[in-house]
Number of protein chains: 2
Amino acid sequence: MAAPAAPTEKAESILAAAQRAFLAGGFGAVSMDAIAREAGASKATLYAYFTSKEELLGAVVARQSERYAEGLSAGELDPRDVEASLNAIADRFLRLLLSPEVIAINRIIIGEVARFPALAAIFWRAGPERVRVQLEEFCRRAATAGTLDIADTRLAAGQFASLVRGEIHLQQLLGLGEPDDAALRAAARNAVATFLRAFGTAEK
Amino acid sequence: MAAPAAPTEKAESILAAAQRAFLAGGFGAVSMDAIAREAGASKATLYAYFTSKEELLGAVVARQSERYAEGLSAGELDPRDVEASLNAIADRFLRLLLSPEVIAINRIIIGEVARFPALAAIFWRAGPERVRVQLEEFCRRAATAGTLDIADTRLAAGQFASLVRGEIHLQQLLGLGEPDDAALRAAARNAVATFLRAFGTAEK
DNA sequence: GTCTATAATTGGATAGAC
DNA sequence: GTCTATCCAATTATAGAC
């Protein structure tokens with residue numbers, strides 16, 4: 001069972017190079033020449049693994065989407081300590097949302113949606129949709145525990161996400177300003193405070 | 001004082017054609033040939049008015065941004081009838097935000113921000129920033145009238161905008177699903193309801 | 001001022017040697 | 001499997017006639 005020299009090695013380096021290039025420059029502005037150079041391979045090799053530039057983008061989006069919601073679980077949070085739990089969720093969520101990789105992949109998908117509508121669906125299901133499920137699950141548990149007064153958990157989860165995203169997400173998509181860590185945490189806390197004003201209960 | 005044949009006429013038709021083409025297909029996918037054809041002019045004429053494709057995009061974005069917040073004034077709304085006023089604002093705002101032209105221009109700017117960072121700033125100031133000012137002004141008046149319990153009007157205005165934008169805005173940017181008019185109004189009312197749970201007062 | 005025709009460059013994709 | 005060298009189509013931009 002001696003492992004054969006991994007044939008995935010070159011493919012991996014190509015994919016990694018494509019990822020760096022696309023995330024840094026977008027789809028249209030990056031040439032296959034540039035990707036090949038960055039990967040330390042020739043264009044011919046590149047085309048041996050991926051039949052077109054479009055397919056290469058698809059592979060990058062799929063992989064990046066997969067990693068999106070990876071580190072975001074709300075399962076272990078205690079619904080009885082709502083404020084602390086919501087703050088923790090908001091922090092993680094916002095940090096993820098504003099990370100350079102996620103912003104970059106968002107930009108590409110939004111910018112190329114006219115040419116590649118399928119990418120958006122892949123991204124949505126792997127990313128935002130999973131996040132919403134996590135949030136909704138937490139809202140349901142908190143509602144049961146009596147610490148949140150929520151009738152429609154799906155709606156509330158969406159509104160929580162929107163409050164956390166705030167203006168800062170769109171600003172980052174537009175490349176306006178650099179968010180420091182303090183601003184990020186402040187935004188998260190403001191979102192939680194307003195959410196609690198709307199849905200909090202006397203239970204503390 | 002016989003007026004000379006308006007020299008702006010051709011420029012206008014070129015700009016209009018470029019606008020249609022860019023909004024429909026994005027920046028990279030549209031060629032100068034296509035724009036010239038659509039404008040009923042030759043490429044040479046086109047380059048006589050705009051020195052490059054980039055400059056043409058800049059002109060389109062500037063014009064489109066100008067029209068963004070045009071029909072959105074909250075000045076005439078009565079802060080004493082908060083719910084009705086907020087519903088009216090939310091309706092207008094969401095309708096604007098989800099209009100095909102605004103979605104399209106958003107996509108282009110976001111997708112090309114790596115190449116043209118200046119466009120984003122133009123857009124932001126002419127669009128979202130003006131909207132925020134209108135919202136904040138209304139919040140301030142309602143706070144004075146005692147119909148909203150708001151300490152930080154700037155923050156509250158941003159949160160209102162975020163609630164209204166909701167998930168539906170990002171979904172539209174990603175080209176997922178078609179929002180009918182009923183869904184739009186429902187989204188607006190849900191946003192207002194939550195905002196009022198957070199900031200409403202006993203005053204009705 | 002506007003057009004036709006063309007230059008000049010780029011970039012996606014491939015053939016063929018090793 | 002990988003590389004070098006090349007093809008071909010498309011695109012931006014311009015020169016020169018009318």
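Convention: sequence-line order gives letters A, B, ...; per-chain numbering from 1. Just so it is clear, the model here is predicted, and its values are computed rather than measured.
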Stretch residues 20-38 of chain B: residues that reach within less than 4.0 Å of DNA chain D through a heavy atom:
V30(B), S31(B), M32(B), D33(B)
Across the strands shown, which category fits T51(A) at heavy-atom distances under 4.0 angstrom: base, sugar-phosphate, nothing?
nothing
What is the distance, rounded to the nearest whole Å, between atom CG of L46(A) and atom C1' of dT4(D)?
15 Å
Can you find a pair of side-chain heavy atoms, one from L86(B) and one from F138(B), that are under 4.5 Å apart?
yes
Quiz question: by atom type and distance under 3.5 Å, do the side chains of Q64(A) and E101(A) form a donor-acceptor pair?
no
Sub-6.0 Å ring centroid separation between Y68(A) and F123(A):
yes
Classify A48(A) by what it touches in the nucleic acid, base, sugar-phosphate, or nothing, heavy-atom distance under 4.0 Å.
nothing
So, OP1 or OP2 of dT2(D): does either fall under 4.0 Å of a side-chain N or O from Y49(A)?
yes
Does the side chain of L56(B) reach to within under 4.5 Å of the side chain of M32(B), using non-hydrogen atoms?
yes
Using a 4.0 Å heavy-atom cut-off across all strands, classify A41(A) as base, sugar-phosphate, or nothing.
sugar-phosphate
Establish, yes or no, whether the cationic atom of K53(B) lies under 6.0 Å from the six-membered ring centre of F27(B) and within 45° of the ring axis.
yes
Is there a side-chain contact between T45(B) and the phosphate of dC3(C), meaning an N or O under 4.0 Å from OP1 or OP2?
yes
It should be established whether S42(A) places a side-chain nitrogen or oxygen under 4.0 Å from OP1 or OP2 of nucleotide dC3(D).
yes
Determine the contact category for K43(A): base if any of its heavy atoms lies under 4.0 Å from a base atom, sugar-phosphate if only primed atoms, P, OP1 or OP2 are that close, otherwise nothing.
base
Tell me whether R107(A) contacts the main-chain N or O of E112(B) through its side chain, where contact means a donor paired with an acceptor under 3.5 Å.
no
Starting at atom NZ of K53(A), determine the distance to atom C1' of dG12(C), rounded to an integer number of angstrom.
8 Å
Taking dA13(C), dT4(D), dT4(C) as options, the one with an atom nearest any side-chain atom of A44(A) is dT4(D)
Has Y47(A) got a side-chain N or O lying under 4.0 Å from the OP1 or OP2 atom of dA13(C)?
yes
So that I can tick it off, tell me whether R125(A) and E129(A) are bridged by a salt bridge, with the cut-off set at under 4.0 angstrom between side-chain N and carboxylate O.
no
Integer-rounded Å distance: dG12(C) P and F50(A) CZ
15 Å
